[in-house]
Each structure stands twice: as structure tokens, then as C-alpha cells.
Amino acid sequence: MVLTAHFIDHNWRLQKRVINFVRLPPPRRGVEIADGIFKCLKEWEIKNKVFTISVDNASSNDVAIRILKDTFSRTKRLLYGGKLFHVRCCAHILNLMVQDGISEIEEIIEDIHESVKFINQSEARLKSFSDIVQQLQLPERKLILDCKTRWNLTFEMLSVAMKFKDVFPMFKDREILYHCYPCPEDWEKVEKICEILEVFNVITKIISGSDYPTSNLFLNEVYRVKMFLEKRANDENDFIRTMIGKMKAKFDKYLGGMQFAHVRGCRLGSKMQNKGC
């Protein structure tokens with residue numbers, strides 16, 4: 001477990017430091033996580049200076065935060081009685097949403113993944129693929145292999161592969177062992193889904209920043225997600241509607257209870273000389 005501290009220094013600048021690497025053997029229950037965090041905070045003598053703790057949405061983390069909240073509440077140092085203590089990682093929630101959505105084209109993603117893997121496994125295959133790229137006069141790019149637990153890398157893989165969609169069928173004619181190429185209908189779906197993923201990619205980069213505060217930014221971005229999902233919920237394509245439905249269900253599970261009325265008011269105010277923000 002890596003513990004990172006965010007704090008404001010004496011010059012009012014945001015700072016970030018990794019303060020410990022904690023070894024947590026299985027089964028990594030909530031109580032062990034809480035003990036590891038508390039021990040670290042005690043060693044740094046900051047156990048009475050903690051404002052919030054941000055974690056992903058694992059159930060063991062929920063248990064750990066509940067234990068820590070009970071412990072810290074005894075000193076009555078938590079602001080608002082600890083109501084702001086537990087912060088769910090917004091980027092992780094977006095990751096869960098997108099993972100649910102792209103499961104709609106799981107087989108297509110697997111074909112593209114295996115295609116990239118097949119081509120990159122051999123210098124001869126790479127040269128053959130590159131020769132076709134040059135024949136088609138496409139800008140030289142490298143194929144990217146995704147990491148299945150990080151949707152943004154899957155997005156990058158799909159986006160780059162899209163540039164070579166005319167290359168794969170020609171490559172197939174040269175490689176008799178290549179059988180996992182996507183068909184034209186698959187590429188059409190990939191193109192439409194990449195348009196959606198681009199929106200989430202931009203939002204994720206904004207709320208994942210570590211060199212600037214994000215607590216004043218994430219609510220607007222969450223609101224953008226909400227409006228985008230509602231706008232695309234009745235898309236003319238069946239698979240897009242299904243994809244958006246899955247993403248919206250995950251959004252409602254974690255963020256559906258948030259109040260957005262003041263977000264709309266602030267946006268309106270920003271257009272009226274920033275009054276009321």
C-alpha cells in the first residue's frame with residue numbers, strides 16, 4: 001500500500017509526498033489497512049492533522065476508513081464531525097463506469113489486443129505491417145498494447161489501431177497465421193465508442209492532476225459526465241444505448257445522490273461576469 005500525503009505549505013503551495021510503502025500480506029482486510037495507515041500517520045506525527053482520506057471503492061477500504069474515522073473522532077479533530085473524511089476516488093469511479101461500458105465490445109477489444117500482440121511478437125511481422133503502412137502513405141505510428149485494468153490505455157490502443165484499420169486486412173493476406181482481425185462493422189463500433197471515451201479521457205486527466213488542486217474542479221466534471229450520459233441515453237445505435245445504460249447505472253450507484261443545482265447556477269453566473277460564483 002502506497003500512502004501519499006497532500007498538503008499546503010507555508011507559502012500556500014500545494015505539495016505532494018509519498019510518505020510510506022506499507023507491506024500488506026493477504027487477505028488485506030480493512031482492519032489491517034487501517035492499522036497500517038494509522039501507524040504511518042503516528043510515525044509522521046500527523047494523526048491529528050488529517051482532513052480527508054481518498055481511496056478507491058474496495059469494500060476493505062470502506063471498513064478501514066470507518067475504523068479510522070471512529071479512532072480520529074475521539075480526538076474531535078475531524079471537521080464537520082468527519083462528514084468529509086471519506087473521499088471516494090472520482091477517477092476510480094470513472095474507471096469502473098467505463099469498464100462496464102466497454103464490456104459491450106469486449107470481443108472486438110480482444111481481437112484488436114490479440115492483433116497488436118501478434119504483430120509485435122515478431123520483427124518480420126512488424127516490418128510487413130510497416131511496409132503496408134508506407135504503401136498506404138499513412139503517418140508512421142506504433143501500435144499500442146493495452147493494460148486491461150486501465151481503460152485509458154485500452155482507449156489509446158483502440159484510437160491508434162483505428163488509424164490502421166485499412167492495414168489489418170492487407171496484413172492478413174500476407175500472414176496465414178493471423179486470424180483475429182476485426183471486420184469493417186467492428187471498426188464502425190470502435191469509432192463510435194472512441195468518440196465517447198475521448199470525453200471521459202479528457203475529464204479523467206483533469207481530475208487526476210497532481211500538480212494543482214482538484215477539489216474545486218471535480219464537481220463540474222462529474223456534472224459534465226451526468227449531462228453527457230443523459231444526452232446519449234437515447235442514442236440511435238442499440239449497442240451505444242446499452243453501453244451508456246451500464247455506465248449510467250454505475251454513475252447512479254456512486255454519484256447519483258450528489259446535488260448539482262449550484263453547479264448549474266455557477267455556470268450561468270460565469271457567463272454573467274462571474275457573479276454569484
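We count residues from 1, following the sequence as given. Keep in mind the model is a prediction, meaning the values are calculated, not measured.
- Looking at residues two or more places apart in sequence or on another chain, you find a side chain to side chain donor-acceptor pair (under 3.5 Å) between K127 and D131.
- When the side-chain contact (heavy atoms from CB on, under 4.5 Å) test is applied to C194, the partners found at least two apart in sequence or on another chain are F155, L158, S159, V190.
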Assess whether side chain to side chain contact (heavy atoms under 4.5 Å, CB included) is satisfied between D186 and Y181, documenting all intermediate values. CA-CA 10 Å; D186 292 339; Y181 62 95; over 6 Å; no
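- Note on residues 3-13: pairs passing salt bridge (Lys or Arg N to Asp or Glu O under 4.0 Å), not counting sequence neighbours, are D9-R13.
- Residues passing the side-chain contact (heavy atoms from CB on, under 4.5 Å) test with E188, sequence neighbours excluded: none.
- When the side chains of ILVMFWY residues are joined at heavy-atom separations under 4.5 Å, either directly or via intervening members, I46 and F85 end up in a single hydrophobic cluster.
- Residue T214 holds its OG1 atom at 12.0 Å from CG of L219, rounded to the nearest 0.5 Å.
- With hydrogens and angles ignored, the 3.5 Å screen pairs no side-chain donor or acceptor of N20 with any backbone N or O of V22.
- Atom CG of L197 is separated from atom CD of E195 by 10.0 Å, given to the nearest 0.5 angstrom.
- V63 and L68 are members of different hydrophobic clusters when ILVMFWY side chains are connected at heavy-atom separations under 4.5 Å.
- At a threshold of 4.5 Å between non-hydrogen side-chain atoms, the residues I196 and F228 count as touching.
- The two residues P182 and I112 make their nearest non-hydrogen contact at CG-CG1, 3.6 Å.
- The hydrophobic clustering, which links ILVMFWY residues whose side-chain heavy atoms are closer than 4.5 Å, places I119 and W187 together.
- In this structure, Q135 places its CD atom where more than 12 heavy-atom neighbours from other residues, nucleotides or ligands lie under 6.0 Å away.
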Could you walk me through whether E191 and M162 pass the side chain to side chain contact (heavy atoms under 4.5 Å, CB included) test, one step at a time? CA-CA 7 Å; E191 183 176 10; M162 273 290 300; 3.7 Å; yes
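- Between the CD1 atom of I102 and the CE atom of M243 there is a distance of 7.5 Å, given to the nearest 0.5 Å.
- Listed by first and then second residue, the salt bridge (Lys or Arg N to Asp or Glu O under 4.0 Å) pairs involving residues 79-95 are D62-R88 (not counting sequence neighbours).
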I'd like a table of donor-acceptor pairs (distance under 3.5 Å, sequence neighbours excluded) in which one partner is a side-chain atom from residues 29-45, with atom names and distances.
unit_1, atom_1, unit_2, atom_2, d
R29, NE, E32, OE1, 3.2
R29, NE, E32, OE2, 3.2
R29, NH2, E32, OE2, 2.7
E32, OE1, R29, N, 3.2
W44, NE1, I19, O, 3.0

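- The two residues I144 and M157 make their nearest non-hydrogen contact at O-CG, 2.8 Å.
- Remark: L136 engages I132, L138, D166, V167, M170 in a side-chain contact (heavy atoms from CB on, under 4.5 Å) (not counting sequence neighbours).
- Side-chain heavy atoms closer than 4.5 Å link hydrophobic residues (I, L, V, M, F, W, Y) into clusters, and following such links, possibly through other members, connects M247 to F218.
- Across all their heavy atoms, K47 and F72 have their closest contact at O-CE2, 3.5 Å.
- Sorted by first and then second residue, the ring-ring contact (aromatic ring centres under 6.0 Å, His included) pairs involving residues 90-147 (not counting sequence neighbours) are F118-Y178, F129-F164, F129-F168, F129-F171.
- The closest donor-acceptor contact from the side chain of S115 to the backbone of C180 lies under 3.5 Å.
- For the residue pair L143 and V160, the shortest heavy atom distance occurs at CA-CG1, 4.1 Å.
- Pairs passing the salt bridge (Lys or Arg N to Asp or Glu O under 4.0 Å) check and including a residue from residues 169-183, sequence neighbours excluded, do not occur.
- Taking a 6.0 Å sphere around CD1 of I8, one finds it holds more than 12 heavy atoms contributed by other residues, nucleotides or ligands.
- Inter-residue side-chain proximity for D146 and E156 is flagged as unmet; no heavy-atom pair is nearer than 4.5 Å.
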Take I207 and L94 through the side chain to side chain contact (heavy atoms under 4.5 Å, CB included) test and state the conclusion after the steps. CA-CA 10 Å; I207 64 177; L94 289 183; 3.5 Å; yes
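- Here the side chain of S128 pairs no donor or acceptor atom with the backbone of A124 at under 3.5 angstrom.
- For residues 4-35, no pair satisfies ring-ring contact (aromatic ring centres under 6.0 Å, His included), with sequence neighbours left out.
- Atom SG of C90 is separated from atom CG of L255 by 5.5 Å, given to the nearest 0.5 angstrom.
- Sequence neighbours left out, the pairs with a member in residues 98-121 that pass salt bridge (Lys or Arg N to Asp or Glu O under 4.0 Å) are D100-K250, E104-K246, E110-K148.
- Taking the side chain as every heavy atom from C-beta outward, E230 and K248 approach each other to under 4.5 Å.
- C147 and T154 get closest at one heavy-atom pair: O-OG1, 3.9 Å.
- There is no path of hydrophobic side-chain contacts, each under 4.5 Å, that joins V87 to V2.
- Between the side chain of S130 and the backbone N or O of L126 there is no donor-acceptor pair closer than 3.5 Å.
- One distance of note links OG1 of T52 with CG of L84; it measures 8.0 Å at 0.5 Å rounding.
- The CH2 atom of W151 sits 10.0 Å away from the CE atom of M97 when rounded to the nearest 0.5 Å.
- With respect to R241 and D238, a salt bridge is recorded, a charged nitrogen being found less than 4.0 Å from a carboxylate O.
- When the side-chain contact (heavy atoms from CB on, under 4.5 Å) test is applied to K192, the partners found at least two apart in sequence or on another chain are N237, F239, I240.
- L96 places a side-chain heavy atom less than 4.5 Å from the side chain of Y254.
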Could you go through K189 and E185, starting from their C-alpha distance and side-chain angles, then the distance that decides it, and tell me whether this counts as side chain to side chain contact (heavy atoms under 4.5 Å, CB included)? CA-CA 7 Å; K189 289 185 177 181; E185 291 77 14; 6.0 Å; no
